[in-house]
Protein chains: 2
Amino acid sequence: MADKAEAVRRGIPTLEEVATRAGVSRATVSRVVNGHPTVRPEAVESVNRAIDELGYVPNRAARSLASNRTQAIALVVPETAARIFADPFFASVVQGVATTLNDTDYTLTMLIGSENNAAKTRRYLLGGNVDGAIVISHHTGDHSYKDLGQVLPVVFGGRPLGDSPGAVVVDVDNVDGASRAVTHLIGRGCRHIAAISGPQDMRPGVDRRLGWQEALLMAGLTPGPEVVGDFSTESGLAAARRLLELDPTVDGLFAANDQMAMGALQALREAGLHVPDDVAVVGYDDSFFSSTIEPPLTTMRQPMIAMGSELATTLVALIEGRPVDPVTLLRAKLVVRASA
Amino acid sequence: MADKAEAVRRGIPTLEEVATRAGVSRATVSRVVNGHPTVRPEAVESVNRAIDELGYVPNRAARSLASNRTQAIALVVPETAARIFADPFFASVVQGVATTLNDTDYTLTMLIGSENNAAKTRRYLLGGNVDGAIVISHHTGDHSYKDLGQVLPVVFGGRPLGDSPGAVVVDVDNVDGASRAVTHLIGRGCRHIAAISGPQDMRPGVDRRLGWQEALLMAGLTPGPEVVGDFSTESGLAAARRLLELDPTVDGLFAANDQMAMGALQALREAGLHVPDDVAVVGYDDSFFSSTIEPPLTTMRQPMIAMGSELATTLVALIEGRPVDPVTLLRAKLVVRASA
DNA sequence: TTGTACGCGTTATCAG
DNA sequence: CTGATAACGCGTACAA
């Protein structure tokens, strides 16, 4: 106890000091520390004791220099998401990555990839400062770092629209999620199910639209009217009004995100329609306001922490040369509240 | 252009290669790289050109090993806040720290200080892996890392209740914030201002209570009734009911956080009282739901990004031996909405 | 199974 | 102002 405290106070001992204390060579200590198998048990014992008594901690820099590995991985967050953390999306992913990495020997260094330092970021990544990188790109098809994967182990969070050749990706399954959302509507008895889709130049936009169609198809129903919005509340409001004009018999509505669903709720209220009795509504994302609006919104929640976790384990596997799925898709979770 | 790309492809060149190409010694290159003043201009020129042509990037590990500095700082987030990032508080602080550090030569490594790895975290911090650390502790008086400051440059985000000797701290000024919130109520014409306080074993709890009293005192008003809650919505609901019993003439209400304010809103509604006409309500924190509830809540917004930023610059100053204020207090911002 | 010796890329000391 | 050269702490062929 006292010894250890003392050791710390004096500064971290070196591998060499451990060696002399254990009565072996530095090489042997190194072997023990790195779990090399070919060491006599007694030696292992003696070394470990010395390590304990001295409070030895390997010097990261020296180790990195000698082994040419860093035991560090970078989390790159494109500035496009400056508001990043305001967005629970990113916040949760970061949390997932951080906690998962905490159980490994890897260290997490955060990089905000802003305009003025994009080059700096690249240099950092390529400069041998990390063993690999996680790049999370929001809905936007940001591919500033697309080519990075050829030089450094990289795992991407979220897929851009165009398929990236040979890139390792972890993403949420928007097709499946939307499909299940709509299936919930069907299960509720809805037969005329309309959609407010998202922009068709973003992956989630097209995928969720696909899911809507897919579910309807599988149930043998014909898709109701569809209007494309831009993920904003206003567009949702406008879209819902238009939808009601197009087909007054609509009894179910799938909105590609909660913002638009919220707008739609207002339109339905204006039209004197009751939710969910006249029209059932389901959104997507489980945004922060979704549980507090009237009526509370049924929606799909994205497994963001799990995504972070998956990103981390996948990257570590990649770095360590273990086989890795090129694409991992995560399932969203249906959250049933009052609107459907 | 092509040279540079080629250089990258071949792997990062070493300082030595730059030296031979520039026709000087490694020592000189090192001096130039580190902005050492005593180098002949022509030499500087020549070295810089070589660096540029070769696409040289200093090796972090080697530099760290030789200089005994890491150019890295740790951000320690106690697991107590496992939900951490769900909490916009932490998310924004992290963002502030990350972006600010991005403009320096320091790297940010994130540590989640969980139970099972508290020792590991300490070892990491003490093991010479970072030049300094930022420890953010939420409302809770977590002082697991209180003593760290004596061994390593550390800046704390948020003050524990008991004063920490010699610790460098950045915090929000809750007394001032609460005072200004109440002053807003007074300015609105309220004369019987009650309070729903937070737990008195947390710093924000006592400080906000203090601010409430202070503002009243300065305005020559006598404090209305007070009930202590636990920062939950339910406690706010109960507290407000009790308050109304204690003094039906209350025309202003200060809640120590938005959760409790939200509960209070419900109690007032039940009592048939109109907000803000009968009773004006102001909360604290500007929680995510505060703008969407009915009526939208007037509240104090904490400058969390600024706090992160301040934490970063303070730590860097500390590390580099520049003078530093032991305590930095940040002002909250009054956000006026419909409730007051 | 263990030890020797060299190298990793920089910084820093000290002559020159 | 500049150039040798010795650390820095560790990994690892190679030899024993």
Side-chain angles (χ1 to χ4, degrees), chain A residues 7 10-48 50-51 54-72 105 123-124 126-131, chain B residues 7 10-48 50-51 54-72 105 123-124 126-131:
Chain A
R10 284 189 200 180
I12 303 301
T14 70
L15 188 154
E16 167 133 38
E17 305 182 48
V18 175
T20 55
R21 171 145 193 159
V24 299
S25 75
R26 299 185 318 196
T28 299
V29 176
S30 177
R31 293 189 184 100
V32 172
V33 169
N34 296 302
H36 214 86
T38 67
V39 183
R40 191 168 29 112
E42 323 159 29
V44 176
E45 164 66 18
S46 140
V47 168
N48 277 330
I51 287 181
L54 263 33
Y56 167 76
V57 177
N59 179 305
R60 206 183 189 77
R63 181 188 286 218
S64 166
L65 185 57
S67 66
N68 203 26
R69 277 177 295 108
T70 64
Q71 294 293 91
D105 282 329
R123 270 209 317 275
Y124 184 84
L126 267 25
N129 293 302
V130 294
D131 293 338
Chain B
R10 284 188 201 179
I12 303 299
T14 71
L15 188 154
E16 167 133 39
E17 303 183 49
V18 175
T20 55
R21 171 142 190 161
V24 298
S25 74
R26 297 180 316 189
T28 298
V29 176
S30 178
R31 293 191 185 99
V32 172
V33 169
N34 296 300
H36 212 86
T38 67
V39 183
R40 190 166 30 110
E42 323 159 29
V44 176
E45 164 66 17
S46 140
V47 168
N48 277 328
I51 288 182
L54 262 34
Y56 167 76
V57 177
N59 179 305
R60 206 183 187 77
R63 180 185 284 211
S64 167
L65 183 57
S67 66
N68 202 26
R69 275 177 295 109
T70 63
Q71 293 294 94
D105 283 328
R123 269 209 317 276
Y124 184 83
L126 267 25
N129 293 303
V130 293
D131 292 339

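Naming: A, B, ... by sequence-line order, numbering from 1 per chain.
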Result for 5'-nearest mapping on DNA chain C, choosing between P37(A) and A27(A), is P37(A)

For V44(A) and V32(A) the tightest heavy-atom approach is CA-CG2, 4.1 Å

Taking every heavy atom of G128(A) against every heavy atom of T70(A), the minimum-distance pair comes out as O-CG2, 3.4 Å

Under 4.0 Å, counting only non-hydrogen atoms across every strand here, what does [X] touch: a base, just sugar-phosphate, or nothing?
X      : result
S30(A) : base
V24(A) : sugar-phosphate
L65(A) : base
V57(B) : sugar-phosphate

Distance test, side-chain N/O of R63(A) to OP1/OP2 of dG11(D), below 4.0 Å
yes

Verify the contact: side-chain N or O of S25(B) to OP1 or OP2 of dT2(D), cut-off strictly under 4.0 Å; return yes or no. no

d([atom1], [X]; [atom2], [N]) in whole Å:
X      : N       : atom1 : atom2 : result
N59(A) : dG9(D)  : CG    : P     : 7 Å
N68(B) : dG9(C)  : CG    : C1'   : 16 Å
H36(B) : dT11(C) : NE2   : C1'   : 11 Å
R26(B) : dT11(C) : CZ    : C1'   : 10 Å
Q71(B) : dT10(C) : CD    : P     : 14 Å
N34(B) : dT13(C) : CG    : P     : 13 Å

From the options [options], select the nucleotide whose nearest atom is closest to the side chain of [X].
X      : options                   : value
S67(A) : dG11(D), dT10(C), dT11(C) : dG11(D)
R31(B) : dC8(C), dG3(C), dT2(D)    : dT2(D)
A66(B) : dA13(D), dG3(D), dG9(C)   : dG9(C)
R40(A) : dT5(D), dT2(C), dG9(C)    : dT2(C)

I'd like to know if the side chain of S67(B) reaches the main chain of R63(B), judged simply by a donor and an acceptor atom lying under 3.5 Å from each other, with no hydrogens or angles considered. yes

Classify the side chain of R69(A) versus the base of dG11(D) as yes if they form a donor-acceptor pair under 3.5 Å and no if they do not. no

### Query
Just wondering, do R40(B) and V24(B) contact through their side chains at under 4.5 Å, heavy atoms?
no

Between A62(A) and A43(B), whichever has its closest DNA chain D nucleotide further toward 5' is A43(B)

Does N68(B) CG have over 12 foreign heavy atoms under 6.0 Å away?
no

